[in-house]
Amino acid sequence: MKIESLDLPDDVIRFYLDSGIEELYPPQAEAIEKGLIEGNNLLAAIPTASGKTLLAELAMLKAISKGGKALYIVPLRALASEKFDRFRSFSSVSVKPGENRGLRVGISTGDFESRDEWLGSNDIIVATSEKTDSLLRNETSWMQEITTIVVDEVHLLDSANRGPTLEVTLTKLMKLNPNCQIIALSATVGNAYEVADWLKAKLVLSEWRPTSLREGVYYGGNINFHGSQKLIDPRTNDDAVNILLDTLEEGGQCLVFESSRKNSVSFAKRAGAKVSETLDKLTRNALDELVEQIIENGETEAANELAKCVRNGTAFHHAGLNSAHRRIVEDGFRSNKIKVISSTPTLAAGLNLPARRVIIRSYRRYDPNYGMQPIPVLDYKQMAGRAGRPHLDPYGESVLIAKSYDEMAGLFDNYIDSDAEDIWSKLGSENALRTHILSTIVNGFATTRDGLLEFIEATFFAHQNDTWGIMDVVDECLDFLRDNKMLEGDEALLPTALGRLVSTLYIDPLSGAYMVDGLKKIKNPTTIGLLHLICKTPDMRQLYLRSNESEIINDIVMAHSDEFVEIPPRSKEMEYEWFLAEVKTALLLQDWVDEKPLDPITEKFNVGEGDVHAFADIAEWLMHSMSRLAGLIAPEMSTDVSNQTALLEKRIHYGASPELIELVSIRGIGRVRARKLYDNGIKTTDSIKEAGLERVSELIGPKTALKLFNEIGLHLDIRSEEPGKVNSQTMSSLMENEQSTFSDFEK
DNA sequence: GTAAGCTTAAGCTTATGGCCACCAC
DNA sequence: TAAGCTTAAGCTTAC
């Protein structure tokens, strides 16, 4: 089927022809036949890289040309940026009726800050599922104008953490805009028809790929495929390294999946020694540049380790890396400088980062309850599916590794020849229902218990199960919400001011309840006490307590015993252990706000740079929430802590002591530079002005100083103060230059 | 004969990922 | 639960 033959505006057809797309892939053609362009709902359960995005684009562009608006829901922020960048290329496409302009695209995720209402002026809006939920909770007006919804990776409905959010969000959207077209994109799962049925969507089910995929198992010196074998030269005594070297010899790149961060690091190191021998001069030089970038962007030992690997043409990738390092690794791999990435499952789903060959070094993962467990078929398929870059590789290969013949046979049966599992709604748990019941009531989707039941009947959970089974849980949730003053009334369900606030802050009602309780009880509010309060909530993630740490943390608790709201009795062992883990998490945050450098923090708590930022990120949100709650219940508190929580929120954001807050609030000044200025007597914005450009340049470097003065709106003063020193022409053009690079960086 | 280098066995340790708010320029 | 790491012992190789 030709693009030209489709019922689309000329501008759209020209856009695709110009980018070299003339013919549709078979699954895309099937989607067209099933009414994609006529506005039918559609579920496409097809492999990655088989053209899902194009499907979505065609539907969105058609809808916009008829005056509509599209919402594209993704599971990851990184994916949101990727789609946003892609859709921005439509700025040359002008299809909006009555308006002669290119398409506008907006992005909304936790780290891209744009006003929600302003966002509505775009034709396509990309958002994470949680952000979509939050926009609904805040009753964003343009939500009702959406005519096309694309749900990427809809099989995440199966995820225990995040599935319920997606499910409830979709249910709300369908209630809000009953005539909306829904395009759901999914990996191949067992019961795709069931999801399609729920969404009232036509199903496109296909295994077709633009690049063929061969799935094999390595055993006894060969990669064994169905019907063929490939001999691997045993040049080292490490099987995975041999398979990797074989790939490089053929001119391909490799993605290696490991089961833990530590393993991913050690494989990258181990492989580096051998990969290094295969590099040519040109690649070496390019890698050296990457090494420099890595060192520049890192403050910890991990950066050195990564740099060492990259110098050899290998890299590791996991959530402990900071975002700059992740990007350098991903881009370095895409541009074929880095030959191998050894990664945790971070790279399995999401980012588009294919390779000639995928090696799955471990198909087992640790589960605290059951020990090492084989991963689901779906996870395997996602990893294997990364093999083969469309249009670049002649084929893709995935390799599992077996130690015995029996294991090999088992792997063929259980993974290669198996279909992915069915997906199951996880909405039935109390944890999931508690938060979503509250938001459903707050937003008026249900005002009575019967109304709530009716809403639940429309969810995927109810599509798969009888709802009478969860009514007990629903009632428990309602009781919890009433007990904690978030709901009122028996017949009619009325949200209280507290309930509304908890819902819009997007915190678990249980977190809200803990915070309110703690705020009321706290007598001697200190940094560690307040930090512990947020670390206790289910929204905070916990650090793992190692056995030899109990004593040390216990000592700290004893020394500050009057600062904690409540300390469980030591006799309740489990509970006390939990408490110590919460305190440990609070201690990490305390080090962060006390300006401890990252390196000692990562070492002390055995985490990566990326983790520290992730902890701070969550903590900032929770501290903000607690601050807002404190404002609401102020009359009921014995001591007013609003000022303290507000200050702590800022300190967590910047990782800085109170005295630095003024300096650090200036854009471009982080905690390190602020400290340098402060220790040299420059403590406020005014004293920056007094000190002058020259003095500040000495401390933080001329470029940053210039940026800083520009930021505090002082460039005019400088010019008049030092007319002889700086040519105003050069100065202002230089600053313009700085300005643009700086805002580029911010993006 | 000795030291270095390698292999093997036993014992110990440790084990994925990542989303969400609001403010204000 | 099991894989990797560390340590120690046992063996081979090189001088």
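Numbers restart at 1 for each chain; the letters A, B, ... are given by sequence-line order, proteins then strands. The figures that follow rest on heavy atoms only: side chains count, while hydrogens, waters and symmetry mates do not. What you see is a predicted model; the values in this text were computed from it and never measured.
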Nucleotide N/O of nucleotides 17-20 of chain B paired with protein N/O under 3.5 Å:
| residue | atom | partner | partner atom | Å |
| --- | --- | --- | --- | --- |
| dG17(B) | OP1 | Arg261(A) | NE | 3.1 |
| dG17(B) | OP1 | Thr344(A) | OG1 | 3.4 |
| dG17(B) | OP2 | Arg261(A) | NE | 3.1 |
| dG17(B) | OP2 | Arg261(A) | NH2 | 3.2 |
| dG18(B) | N2 | Asn161(A) | ND2 | 3.2 |
| dC19(B) | OP1 | Arg77(A) | N | 3.3 |
| dC20(B) | OP1 | Thr128(A) | OG1 | 2.1 |
| dC20(B) | OP2 | Arg77(A) | NE | 2.8 |
| dC20(B) | OP2 | Arg77(A) | NH2 | 3.3 |

**Q.** Pair Asp539(A)-Ser511(A), side-chain donor/acceptor within less than 3.5 Å
**A.** yes
**Q.** Residue whose nearest DNA chain B nucleotide is more 5′ - Arg365(A) or Asn237(A)
**A.** Asn237(A)
Q.
Rounding to an integer number of Å, can you tell me how far Ile652(A) CD1 sits from dC23(B) P?
A. 18 Å
Q.
Between dA3(C) and dT16(B), how far apart are the two P atoms, rounded to whole Å?
A. 15 Å
Q) Starting at CZ of Arg628(A) and ending at C1' of dA21(B), how long is that distance when rounded to a whole Å? A) 8 Å
Q. Contact class for Gln373(A) vs. all strands (heavy atom < 4.0 Å): base, sugar-phosphate, or nothing?
A. nothing
Q. Could you give the CD-to-C1' distance, from Glu649(A) to dC22(B), as a whole number of Å?
A. 7 Å
Q.
Please report the distance, rounded to the nearest Å, between NE2 in His624(A) and P in dA24(B).
A. 11 Å
Q | Parallel, tilted or perpendicular: ring planes of Tyr405(A) versus Tyr219(A), cut at 30 and 60 degrees | A | perpendicular
Q: Could you check whether Ser259(A) gets within reach of a base, just the sugar-phosphate, or nothing at all, counting any heavy atom under 4.0 Å?
A: sugar-phosphate
Per-pair distances, 0.1 Å, donor-acceptor, side chain in residues 370-380 of chain A, under 3.5 Å, sequence neighbours excluded:
| residue | atom | partner | partner atom | Å |
| --- | --- | --- | --- | --- |
| Asp379(A) | OD2 | Arg365(A) | NH1 | 3.4 |
| Tyr380(A) | OH | Glu215(A) | OE1 | 2.9 |

Q. Hey, are Arg162(A) and Glu130(A) close enough for a salt bridge, meaning a charged N less than 4.0 Å from a carboxylate O?
A. yes
(Q) Could you spell out the base pairing of DNA chain B as a dot-bracket line? Use Watson-Crick and G-U wobble contacts where both distances are under 3.5 Å, [ ] for crossing pairs, | for partners on a different strand. (A) |||||||||||||||..........
**Q.** Donor-acceptor under 3.5 Å (Thr132(A) side chain, Thr128(A) main chain)
**A.** yes
Q: Determine whether Leu589(A) and Cys535(A) make a side-chain contact, defined as any pair of heavy atoms from C-beta on separated by less than 4.5 Å.
A: yes
Q. Is the backbone N or O of Glu82(A) less than 3.5 Å from a side-chain atom of Asp85(A), with the two atoms forming a donor-acceptor pair by type?
A. no
Q: Take Lys403(A) and Asp239(A), measure what salt bridge (Lys or Arg N to Asp or Glu O under 4.0 Å) needs, and give me the verdict at the end.
A: CA-CA 10 Å; Lys403(A) 284 194 211 57; Asp239(A) 296 333; over 6 Å; no
Q.
Tell me every residue that passes salt bridge (Lys or Arg N to Asp or Glu O under 4.0 Å) with Arg361(A), counting only those two or more places apart in sequence or in another chain.
A. Glu258(A)
Q: Nearest whole angstrom, please: distance from the C1' of dT16(B) to the CE of Met372(A).
A: 11 Å
Q: Measure the distance from CG on Asp367(A) to P on dT14(B) and round it to the nearest whole Å.
A: 19 Å
Q. Judged by modelled atom types alone, do Asn606(A) and Tyr544(A) share a side-chain donor-acceptor pair under 3.5 Å?
A. no
(Q) Using a heavy-atom cut-off of 4.0 Å across all strands, would you classify Ser625(A) as base, sugar-phosphate, or nothing? (A) nothing
**Q.** Qualifying salt bridge (Lys or Arg N to Asp or Glu O under 4.0 Å) pairs with a residue from residues 646-655 of chain A, counting only residues at least two apart or across chains
**A.** Asp594(A)-Arg651(A)
Q: Using a cut-off of 6.0 Å, state whether more than 12 heavy atoms not belonging to Lys274(A) lie near its atom NZ.
A: no
Q) Where along nucleotides 4-12 of chain C does protein come under 4.0 Å, by heavy atom, of base (B) or sugar-phosphate alone (S), with - for untouched nucleotides? A) SS-------
Q: Write down the distance between CZ (Phe316(A)) and C1' (dT16(B)), rounded to a whole number of angstrom.
A: 16 Å
